[in-house]
Number of protein chains: 2
Amino acid sequence: MFRMTKFTGYGVVLLMHMARQPDDETHSVTELANEAYLPLPMAQKVLKRLARKGLVESQRGVNGGYRLARPADRITALDIIDALEGAVALTQCAAELDLGSKHDRCEREAYCAASHAWQEINLIVQNALRNVSLRDMVALEWEKSGLRITISGE
Amino acid sequence: MFRMTKFTGYGVVLLMHMARQPDDETHSVTELANEAYLPLPMAQKVLKRLARKGLVESQRGVNGGYRLARPADRITALDIIDALEGAVALTQCAAELDLGSKHDRCEREAYCAASHAWQEINLIVQNALRNVSLRDMVALEWEKSGLRITISGE
DNA sequence: TAAAATGGGACTAAAAAAGTACTGATTGTT
DNA sequence: AACAATCAGTACTTTTTTAGTCCCATTTTA
């Protein structure tokens with residue numbers, strides 16, 4: 001329904017790990033990759049992106065590493081997805097839907113009609129995502145895993 | 001941010017066209033494809049899927065075609081996306097995030113933690129989408145295109 | 001200056017999306 | 001009954017995106 005790439009999934013796992021530790025502590029990619037059971041190069045890639053987008057800060061050199069750029073309750077799900085998912089589609093109207101051929105003007109109009117609807121939906125979804133913070137995600141983790149034990153042994 | 005395939009985009013355009021006409025009227029694929037400026041085979045593909053998922057009804061033979069299976073205000077954005085986007089990812093936890101290698105048990109645990117958060121988010125998004133109907137989409141189209149004219153000539 | 005980190009890309013392979021084509025099954029009209 | 005219009009199913013090809021790896025440059029500290 002709402003699709004997310006693995007890349008973003010990895011990012012969340014890495015960020016959650018940092019969010020569980022004290023704020024000022026830095027974490028090397030090696031450490032983070034181990035924690036998340038991710039191949040090192042992949043973790044590097046994700047973290048570099050997060051750094052460039054300003055969600056984490058980096059410190060080079062010996063004993064360097066990454067840490068959250070701001071407290072976990074001020075990093076939203078929307079921030080994370082925006083950062084990792086790349087500039088995204090949905091409301092690109094004609095440009096995106098264009099099959100690249102004849103019909104030039106009229107085509108646009110047909111699609112633009114629909115695009116108004118999608119813009120609206122897009123806003124709704126964004127608002128929903130803005131209301132979930134990284135801190136919430138970590139909190140949910142405990143709530144739910146607690147529940148889990150009571151329910152089943154699987 | 002929230003990514004939708006072109007396929008779904010086409011579906012919306014086709015459904016909106018039907019929603020603008022009287023409910024009982026049937027529309028041939030040829031007609032719909034022309035209206036939407038879509039290649040015929042593509043429109044066929046989309047409509048077949050919509051029919052199989054029960055969003056539209058089909059009538060074979062001469063003068064046959066498609067029509068909405070229920071009134072436009074009872075078809076939600078969620079219905080449409082579910083039908084066209086295929087079973088979707090997001091909350092598939094380990095199965096999806098698995099890099100397919102060593103780390104078997106522990107890996108799961110790391111990702112499942114994050115998945116609780118995503119499940120929650122997924123629910124929020126779904127609710128948002130359930131509140132937008134095909135009729136709303138058509139309505140938005142007019143509202144906004146009215147605005148548009150006043151603002152700019154582009 | 002050597003070692004431990006991140007930074008920025010380029011590159012490859014696998015998977016998914018986008019688009020087309022073909023063949024079969026109904027149904028209404030003559 | 002034959003024909004033509006119309007949907008149904010599925011297989012196939014091409015293109016685009018994802019996923020993952022690698023290499024070399026830069027920064028920092030001991």
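In the text below, chain A, chain B and the rest are named by the order of the sequence lines, each starting its count at 1. This structure is a prediction, so every number in the text was calculated from the model and none was measured. Values below: every heavy atom of this structure, side chains too, minus hydrogens, waters and symmetry copies.
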[X] has an atom [atom1]; how far is it from atom [atom2] of [N], in whole Å?
X: A/Lys53; N: C/dG8; atom1: NZ; atom2: C1'; answer: 14 Å
X: B/Leu40; N: C/dA21; atom1: CG; atom2: C1'; answer: 12 Å
X: B/Leu84; N: C/dA18; atom1: CG; atom2: C1'; answer: 14 Å
X: A/Met4; N: C/dA16; atom1: CE; atom2: P; answer: 15 Å
X: A/Arg49; N: C/dG9; atom1: CZ; atom2: C1'; answer: 13 Å
X: A/Glu31; N: C/dA4; atom1: CD; atom2: P; answer: 17 Å
X: A/Leu38; N: D/dA19; atom1: CG; atom2: P; answer: 12 Å
X: A/Met42; N: D/dT18; atom1: CE; atom2: P; answer: 12 Å

Please determine if A/Asp82 and A/Arg130 form a salt bridge, counting it only when a charged side-chain N lies under 4.0 Å from a carboxylate O.
no
When you compare the side chains of B/His27 and B/Glu35, does any donor N or O come within less than 3.5 Å of an acceptor on the partner?
no
Distance-only polar pair, side chains of B/Thr26 and B/Gln59, donor-acceptor under 3.5 Å
no
If the cut-off is 4.0 Å, is A/Thr5 near the phosphate of D/dA19, judged by side-chain N/O to OP1 or OP2?
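It does, given that an N or O in the side chain of A/Thr5 lies less than 4.0 Å from OP1 or OP2 of D/dA19.
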Check the phosphate of C/dG19 against B/Tyr10, side-chain N and O only, distance under 4.0 Å to OP1 or OP2. Yes or no?
yes
With the sugar-phosphate defined as primed atoms, P, OP1 and OP2, and the base as all remaining atoms, what B/S/- string results for nucleotides 3-16 of chain D, 5' to 3', for protein heavy atoms under 4.0 Å?
--BBBBBB------
Other residues, nucleotides and ligands only: do more than 12 of their heavy atoms fall within 6.0 Å of CG on A/Asn63?
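Not buried by this count: 12 neighbours or fewer within 6.0 Å.
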Is B/Met18 reachable from B/Leu40 through a run of hydrophobic residues whose side-chain heavy atoms are each under 4.5 Å from the next?
yes
With rounding to the nearest 0.5 angstrom, report the CG to CZ distance, B/Leu15 to B/Arg20.
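Going from CG on B/Leu15 over to CZ on B/Arg20, the span is 10.5 Å.
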